[in-house]
Undergrad: 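Structure incoming, see below.
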Amino acid sequence: MKNIDSKGHVTGKSIYLDDIPIIQGTQFGVVFDSPVAHGTITSIDYTKALETPGVIRIITHEDIPGQNQIGGIILDEQLFASTEVHFVGQPIALIIAESNQIAFEARKLIEIEISKKDVIVDPREAQQKDELIIPPRTFELGDTENSWENCAHIFEGQADSNGQEHLYIETQGAYAIPMENGHIRISSSTQGPTVVQRTTANVLGIGMHKIEVDVIRIGGGFGGKEDQATPWAVMAALGVSILNLPVKVVLSRLDDMRMTGKRHPYSSDYKIGFSKDLKIIAYETTFYQNAGAAADLSPAVMERTLFHGTNSYFIPNVKMTAYSCKTNLPPNTAFRGFGGPQGMFVIESALSHAAKELGIPTHELQKLNLLKNGNEFPYGQIADGVELNSIWHEMESKFDIGSIEKEIDEFNSSHTDVKKGFSLMPVTFGISFTKTPMNQARALVHIYTDGSVGISTGAVEMGQGVNTKMLQIAAQIFSIDSKCIKLESTNTTRVANTSPSAASSTADLNGKALQKACNVLLERLTTCAADHLNVSCTDVILKDGMVYTNGNKTKLTWDQLVMIAFLKRICLTENGHYATPTINFDMNKEKGHPFAYHVYGLALAQVTLDCIRGTYEFDAVKIVHDFGKTMNPDVDFGQVEGGLIQGMGWMTMEEIHYNDEGQLMSNTLSTYKIPDIYSVPKTVTIEPLDTEGTDMAILKSKAVGEPPLMYGIGAYFAIDNAIKSFNPNFTSTFDAPFTHEKVLMGLHGSLDFE
Ligand code: MTE
Ligand code: HPA
Ligand code: MOS
């Protein structure tokens, strides 16, 4: 099935938040935010702003009837700063005016005085000052302490990865409308409608039942709208509750970039030890996560860093400690991979470091240490269904790693100013929300009397194609034309208590809930048909919109059967509920079985460096990916391509820069670069691994949203390897992103720009 949104997207007919028709009387909100990163507000004067014609009202913390609190995991984040400010971009007030333009103009007239305090932007400094979001956590397996003496080779170093701006095409926003009896209906560009509903109710001091959140689709989320879509929706709803008028709050791109958190930058130390035959015996690492000024999702992100700290390798002795460090930056948040990529970058750095010292290619070390069935992850889960060796084998047989290596060597020895490099990047990613209770979902299915079908689930369509997958499931179970099925918006009134669409689990969780609901309805209709045709239930099947008995087509159509069932007063609505079985995790022991299954894959990246300019181009990326049995190759291949490019952007060109005062310097699209058509690899080849899949995945089609992002990590090491063949004295810094400037310095030693 083609992605059901393709046509709407390319013809501009798909409806996003900003396409929702504006109701008469709608007011527009612009956020006034802190200009300094840390301090105490000593005075604010709104007089001039309020005198601006068209300004209706300015809302502050004093106007909040419930709690001035939007923290999800920890209650440490105010909706509007009351006295203390903790980052540049922290909301202080909402200016509500007749138009956005008026509100923007009024914002310039607000006079604020803040007595400044010390600013911390570096996570290691925060850790030293004991500024932590939560106490540190440690995952341990075996005994590292007593293993070092058994190691033939030990390497130690540091690896840093920077943040990443989500840059969803649709910025954050919400539109809230007053309903009767103090109820509010919010259209929100959120991955988590229930998070918005719960937080709004809490801030307004009312029950969740009075808040309805609706999401048609969002223009990209990438994790940035798992929690951080919430404040704008709450502000709009607060405006509604005060003014009893519709209020729309949509961030401008620059406001969005300044005010919202990003991928967490990490600084990490590693120590890795090998036996004589190059098996990894011990691995220790300390992760310093730059959490920003409030917890947001940082504790959960930090946990996933620990889960994926050993990536695709089995290591018998592991000790990984992580600190979530509180700094004066916007609270960093979920971003595709959710801490996993940051953990993987460190072990890949350690392996690259070791390989260089040992004088062998990194891929030999990687291959020697691949995880196998029966191996224990540092968090206690026993690996099963591991595909890494077959994937590696597939890569070798399909793409011939050996001859690629040989070609590159030959090229490099015959070229002086241009060098090539390649890398291999294996990925093992756990599927499930790491917080077990979040792994549940519901779906509501109506069959209308004409035989058409309406489906609601908790899944939010953000471009990842989940609606197409939901439609496929229902069409397949009912065996009717998908044109007769409508996917409704995601709405808290139809499907309640949803987890955000995240953790790559949306299709699994919601799809399985939908499957259950559809199957119940199917059974009801089959029974009804059997009754009607006077045959046994087991002799009836519904196929291609017709009723079959004993394999023979009858004259009875699906539509007629539905009407017969209705007249017999059979219920044509069903609610399905699914909770992932078998998963658990004990945070006291830091052990358990947190993931329903793992997704595996391997990417080979090839790069060409211009050694005069320090620029580079990726010639090709070849991927062997474990889709299980993909239920929609178009959608899933699209996810692999998108994830790869987004990961490459993080590793190569996207450079977030805050100055020491906590000001975002890369605050526009002229100073923050993401991959475009010119910087993507010349070819991307995706080879699906032929596997059985797992029953834990919907229709055995494994989750695909996040894992491919981590293929992008290979880009860093491909460049690193190419530099080595130009400058043998080059010492890798493992400091991503590998911008052209850093490449130039790596090629020529330190550059004196003076
Ligand atoms: N693909 C598109 N086009 N847009 C997005 O915002 N988000 C990613 C991934 N792929 C995203 C995307 C992230 S962070 C996740 S967790 C998954 O999609 C969420 O959707 P899924 O659970 O259906 O895979
Ligand atoms: N992934 C994404 N979002 C989450 C997770 C996770 O593992 N846990 C809690 N929120
Ligand atoms: Mo994705 S980071 O789990 O929204």
Side-chain angles (χ1 to χ4, degrees), residues 3 5-6 9 72-73 164 166-170 189-192 194-195 215 217-229 261-264 295-308 332-343 429-439 441 457-470 490 498-512 580 583 585 594-596 599 627 631-632 635-647 650 697-698 701-710:
N3 188 321
D5 278 340
S6 312
H9 285 1
I73 298 178
Q164 186 176 22
H166 299 85
L167 225 79
Y168 22 67
I169 297 179
E170 179 191 41
S189 178
T190 181
Q191 290 174 244
T194 294
V195 183
V215 186
R217 66 165 60 70
I218 71 179
F222 306 111
K225 295 173 182 169
E226 182 173 339
D227 260 29
Q228 297 208 0
K262 308 173 194 319
R263 181 187 293 286
H264 294 79
D296 192 90
L297 289 162
S298 299
V301 170
M302 181 186 101
E303 184 180 46
R304 201 177 264 277
T305 302
L306 291 167
F307 282 123
H308 296 317
N332 286 315
T333 193
F335 197 134
R336 206 171 194 172
F338 207 74
Q342 291 94 321
F429 195 79
I431 301 303
S432 285
F433 284 94
T434 52
K435 192 174 167 161
T436 302
M438 291 178 81
N439 295 285
T457 75
V460 170
E461 176 61 54
M462 60 188 106
Q464 87 281 41
V466 71
N467 278 357
T468 304
K469 290 186 173 181
M470 295 304 106
T490 316
T498 61
S499 289
S501 287
S504 306
S505 304
T506 315
D508 279 358
L509 296 173
N510 292 278
K512 281 182 178 263
T580 314
I583 53 172
F585 193 70
F595 298 120
V599 170
F627 294 95
M631 66 183 286
N632 192 319
V635 165
D636 285 355
F637 276 52
Q639 284 294 295
V640 174
E641 290 168 355
L644 165 73
I645 303 303
Q646 198 166 35
W650 172 52
I698 181 69
S701 181
K702 285 188 168 187
V704 70
E706 293 168 286
L709 182 128
M710 283 148 277

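Atoms within a ligand are numbered from 1 in the order they appear, just like the ligands themselves. Just so you know, residue 1 is the first one in the sequence shown, and it goes up from there.
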Undergrad: How far is atom 15 (C) of ligand 1 from its nearest protein heavy atom, and which residue and atom is that?
TA: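 Protein heavy atom with the smallest distance to atom 15 (C) of ligand 1: E706 CG, 4.0 Å.
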Undergrad: Run the numbers for me: atoms of ligand 3, each under 4.0 Å from some heavy atom of G223, listed by number.
TA: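 Those atoms are 2 (S), 4 (O).
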Undergrad: May I ask you to list the atoms of ligand 1 that are less than 4.0 angstrom from any heavy atom of A503?
TA: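 Listed by number with element: 16 (S).
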Undergrad: Out of M462, E461, E170, who gets a non-hydrogen atom closest to atom 19 (C) of ligand 1?
TA: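 Closest candidate by heavy-atom distance is M462.
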Undergrad: List every atom of ligand 3 that sits less than 4.0 Å from any heavy atom of A502, numbering the atoms from 1 in the order shown and giving each element.
TA: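 So the answer, numbered in order with elements, is 3 (O), 4 (O).
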Undergrad: Take K225 and I218, measure what side chain to side chain contact (heavy atoms under 4.5 Å, CB included) needs, and give me the verdict at the end.
TA: CA-CA 9 Å; K225 295 173 182 169; I218 71 179; 3.9 Å; yes
Undergrad: With atoms numbered from 1 as shown, which atoms in ligand 1 lie under 4.0 angstrom from a non-hydrogen atom of G221?
TA: 5 (C), 6 (O)
Undergrad: How long is the gap from CD on Q464 to CG on D636, to the nearest 0.5 Å?
TA: 11.0 Å
Undergrad: Between R336 and ligand 3, find which residue part has any heavy-atom pair under 4.0 Å and reply side chain, backbone, both or neither.
TA: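 The backbone, only.
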Undergrad: Checking a contact table here: which protein heavy atom is nearest atom 1 (Mo) of ligand 3, and how many Å away?
TA: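 Residue, atom and distance for the closest contact: E706 OE2, 3.7 Å.
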Undergrad: Mind checking the CZ-CZ spacing from F585 to F307? Nearest 0.5 Å is all I need.
TA: 4.0 Å
Undergrad: What heavy-atom pair brings A502 and F433 nearest, and what distance separates the two atoms?
TA: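 Of all heavy-atom pairs spanning A502 and F433, the closest is O-CZ, 3.6 Å.
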Undergrad: Using a 4.0 Å cutoff against the non-hydrogen atoms of G463, which atoms of ligand 1 qualify?
TA: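 Counting from 1, the qualifying ligand atoms are 2 (C), 3 (N).
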Undergrad: Just by distance, with hydrogens left out, do T434 and E303 show a side-chain donor and acceptor under 3.5 Å apart?
TA: yes
Undergrad: To which protein heavy atom is atom 17 (C) of ligand 1 closest, and what is the distance rounded to 0.1 Å?
TA: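 Result: G705 CA, 4.1 Å.
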Undergrad: Output yes when the distance from some N or O of ligand 1 to some N or O of G220 is under 3.5 Å, and no in every other case.
TA: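 Looking only at distances, the answer is no, because the N/O contact criterion of under 3.5 Å is not met.
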Undergrad: By number and element, which atoms of ligand 1 are closer than 4.0 Å to a non-hydrogen atom of T506?
TA: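 Reading through ligand 1 atom by atom, the close ones are 20 (O), 21 (P), 22 (O), 23 (O).
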Undergrad: Under a 4.0 angstrom heavy-atom cut-off, which atoms of ligand 2 come close to E226?
TA: 2 (C), 3 (N), 4 (C), 10 (N)
Undergrad: Can you tell me how far the CG atom of L297 sits from the OG1 atom of T333, to the nearest 0.5 Å?
TA: 4.5 Å
Undergrad: Return the closest protein heavy atom for atom 9 (C) of ligand 2 as residue, atom name and distance.
TA: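 Result: M438 SD, 3.5 Å.
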Undergrad: Distance check, rounded to the nearest 0.5 Å: Q646 atom CD versus L644 atom CG?
TA: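 Reported to 0.5 Å precision, the distance equals 10.5 Å.
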Undergrad: Under the side chain to side chain contact (heavy atoms under 4.5 Å, CB included) criterion, do V704 and V599 qualify, and how do the steps go?
TA: CA-CA 8 Å; V704 70; V599 170; over 6 Å; no
Undergrad: Can you check which of T436, N439, T434 brings a heavy atom nearest to atom 8 (N) of ligand 2?
TA: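 When every heavy atom of T436, N439, T434 is considered, T434 comes closest to atom 8 (N) of ligand 2.
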Undergrad: Pull out every atom of ligand 1 sitting under 4.0 Å from any heavy atom of G223, numbered as shown with elements.
TA: 14 (S)
Undergrad: Give the residue, atom name and distance (to 0.1 Å) of the protein heavy atom nearest atom 1 (N) of ligand 1.
TA: Q639 NE2, 3.1 Å
Undergrad: Any chance you could measure Q164, atom CD, to F335, atom CZ, to the nearest 0.5 Å?
TA: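 That separation rounds to 3.5 Å.
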Undergrad: What closest approach, in Å, do Q639 and R336 show between heavy atoms, and which atom pair accounts for it?
TA: OE1-NH2, 3.1 Å
Undergrad: Looking only at N/O atoms, are Q191 and ligand 3 under 3.5 Å apart anywhere?
TA: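 The answer is yes, given that Q191 and ligand 3 share an N or O pair closer than 3.5 Å.
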Undergrad: Tell me: protein heavy atom nearest atom 5 (C) of ligand 1, and distance?
TA: F222 CE2, 3.2 Å
Undergrad: Consider only side-chain N and O atoms of T194 and T498, and report whether a donor and an acceptor are under 3.5 Å apart.
TA: yes
Undergrad: If we only consider heavy atoms of S505, is any one of them less than 4.0 Å away from an atom in ligand 1?
TA: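 Contact present.
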Undergrad: When rounded to the nearest 0.5 angstrom, what distance separates NZ in K262 from CH2 in W650?
TA: 16.0 Å
Undergrad: Would S189 and E170 count as having a side-chain donor-acceptor pair, cut-off 3.5 Å?
TA: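 E170 and S189 do have a side-chain donor-acceptor pair below 3.5 Å.
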Undergrad: Of all the atoms in ligand 3, which lie at a distance below 4.0 Å from a heavy atom belonging to F335?
TA: 2 (S)
Undergrad: State yes or no: are the ring centers of F338 and H308 separated by less than 6.0 Å?
TA: no
Undergrad: Counting from 1, what ligand 1 atoms have a heavy atom of A502 closer than 4.0 Å?
TA: 16 (S), 22 (O)
Undergrad: Examine A503 against ligand 3 and note whether any of their N/O atoms are separated by less than 3.5 Å.
TA: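 N/O-N/O distance under 3.5 Å: yes.
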Undergrad: With a 4.0 Å heavy-atom cut-off (strictly under), which part of F338 contacts ligand 2: side chain, backbone, both or neither?
TA: side chain
Undergrad: Quick one: look at A703 and ligand 1, take heavy-atom pairs under 4.0 Å, and tell me if it's side chain, backbone, both or neither.
TA: neither
Undergrad: Is the shortest heavy-atom distance from the side chain of D296 to the side chain of N332 under 4.5 Å?
TA: no
